[in-house]
Each structure stands twice: as C-alpha cells, then as structure tokens.
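A short write-up of the structure that comes next.
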Amino acid sequence: MRWALVLLLAALAFDPALLRAPHRDADGAYFNPWDSRRTSFLDVLRWQLSRNAYDKSAKPLIPRLENDGSSLAEPNAPAELTWVGHATFAIHEGDDVVLTDPHFGERALLVKRRTPPGIPLASVPGNAFAVISHSHYDHLDADTVEALPASVGWYVPLGLGDFFRDRGRSDVTELDWWQSATRGRWTITCLPSQHWSLRLGMARNESLWCAWLLDSGAHRYFFAGDSGYFGGFAVYGSELAPIDVALLPIGAYEPRWFMKPLHMNPQEAVQAHVDLGSPFSVAMHFGTFRLTTEGIDDPVRDLRTALDARGISHERFRVLQVGDSLAV
C-alpha cells in the first residue's frame, strides 16, 4: 500500500492553480505547467535497447463480443456506453451518439491492430459527434475521420482544427483547457491532462492535449484521454462532481522510468478513480495496439491486483469485452 500513500501525498501537494496557468510558450509549443519532465530521443533509444522482462510468448487474451452496432440507431435509448476498443467508446443516450477518440483503422501509424473494432464503423449515425484528446496516431486516425459521415461533429483541442478541415470536415470546434461548447442538450468541456503531442507534419507539442467532461444534463461522463497521473484528478473530483462514469486508461505504462509522466499504470488509474469520486469507472487504452513493453492483456491483471490491494470491488472499475455495452 506504500504506492497508494505516495500517490495521495502527490495529489495533496499539487497546486490547483497550475491547472489554469498559461500553457503555451513563446515558440507556440504547449506544455504542462505543473510538470517539466520531457522525454528525448536518447530516452526512446534506451527504452528500445533495454531488455523486455515481460513474457509475450503466449497469445494475449482479449475477449470480444459480437456486436453489429444496430442499437446505436434506436431512438430514446437509455444511457449506455459500448467499448469499441483502445480509447474508443460509443456513448448512446436518448437519440444522441458520442464517440471518444474514434479509431476503427487497421494501424496506429506502423503499429498493427490486434483486436477488431467492437462495432462496425458503418453503424455510427450521421448525427453523432466525437471528441479527440490529442494528435497521437492511436487516438486520431485519419482513415476513420474520412470514413465517418461528413456530418459528424468534432470537438478537438487547440491546434487540431485544420487537420479536420483539410479532410473536408467543416463541423469542427477547437477548445482550450476549461473552455466549453454546447451541442443540443450536451455541454462539452475541454480539461487539462498530463501528456504531449506529436505527429508527422506537426511539430512537437504544436497542438494541445486534453481530457473531456461530457454532460448530457442527465449524466456526466469523464473521458481522460491519455494522461500520466497528476493532482488534477482530485481537483476534478472536487470541482466537477458529480461524475457518473469515468473512462480511464490503464495500459501502455512500461517501463515506468520512461512512461510515468505520460501514461498511468493500473495502480495510478485506481487512484484516479478514487480521486474523481465516480460511482464506477471503465478501463480503456489496452488490448488493441501493442505500444509499450508490457503485453496488451497485462493491464487487466495488474488492475485487478491494484483493486484488491485497495479493497475496491471489481464492479466499481469495470473491464468490458471489446464490443460489450454497459448501462449507465
């Protein structure tokens, strides 16, 4: 339990004012005001040349449920969310469908998809809207953007609007941290996360990264995007309550010396769940792309161990099958 105490002390030492501090430098690059750590090419090289202690000889077990996505067309639907895979969820509430970081493609740049999407892309209705957390290829897929109906609305952090407009997508709204937009009954709020951005054709940190609060008026969904653990989660649990469901990443965390500022491990995700105070959380960011040192199914085992260590029911932090749906 020492790790839980360390995370708690880190949250208590966090200065909430930094969440609203300037976060773009004189050269136009965005940054995390509370964290000055920065990875370098030498760090990447050290990681790639280091020994991998994880045994990846066995085929990973990622359960998948057949789902034709037809339920997304049902009107007046009770609130539910479906895990499409990685960081992609389809939230269906009433007549509305909301996508998080939609990725239905075969690859994240060079990394091959290991598990097919949980629903067909063609099942997404034309009146849907989507939020994007940042520019990395496992969260922003050009083929998916171009294949979804042109009528889909997009909400993106600063610096990504032209990516969509260049692909003929005119319904795009760029937001800075703490800015909100409305769409019908939904209030869509862009929130700070601890990450970075890079993409071919874009400079490092040329575009912002973020989490999202999606408020339908009936339910409030927190989508963390990609983030290292930081004191912001405790602030959100205090300032944004109630949060009905939190969608939290649990994968791409090894080696810790390299990934800690960028990606939460399962122990940190459990602490984020506690900080946010949501009745339940849903795991994401595993099981689809092999991005880092651990296996794509290791995060689930590590999450269950972390929950057991804290005495938290597995029902409070759910792991869905790809394609499975959960009533909110």
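Residues Leu307 and Met264 share a single hydrophobic cluster, defined by chaining ILVMFWY side chains whose heavy atoms lie under 4.5 Å apart.
Between Arg220 and Asp215 a salt bridge is recorded (basic side-chain N to carboxylate O distance below 4.0 Å). Ion pairing between a basic and an acidic side chain is recognised when a charged N comes within 4.0 Å of a carboxylate O; Arg256 and Glu268 show such pairing. Of the charged side-chain nitrogens involved, none lies within less than 4.0 Å of a carboxylate oxygen, so that Glu315 and Arg304 do not count as a salt-bridged pair. Salt-bridge formation is not detected for the pair Asp138/Arg113: no Lys NZ or Arg NE/NH1/NH2 atom is positioned less than 4.0 Å from an Asp or Glu carboxylate oxygen. At a threshold of 4.0 Å, the pair Lys260-Glu254 does not count as salt-bridged, since none of the basic side-chain nitrogens sits closer than that to a carboxylate oxygen.
Taking the six-membered ring for Trp and thresholds of 30 and 60 degrees, Phe222 and Phe233 have ring planes more than 60 degrees apart, a perpendicular arrangement. Between Tyr236 and Trp178, the ring planes are perpendicular. Angles over 60° get that label, and only those under 30° would be called parallel. Aromatic ring pairs are classed by plane angle as parallel below 30°, tilted from 30° to 60° and perpendicular above 60°; the pair His285 and His263 is tilted.
Of all heavy-atom pairs spanning Pro299 and Phe286, the tightest one is CG-CB, 3.9 Å. Closest approach of Arg185 to Asp96, counting heavy atoms only: NE-OD2, 3.1 Å.
No hydrogens or angles considered: nothing links the side chains of Trp209 and Gln194 as a donor-acceptor pair under 3.5 Å.
Proximity of Leu160 to Met202: side-chain heavy atoms (C-beta onward) are separated by under 4.5 Å at one or more points.
Checking side-chain atoms of Thr288 against main-chain N and O of His86 turns up a donor-acceptor pair under 3.5 Å.
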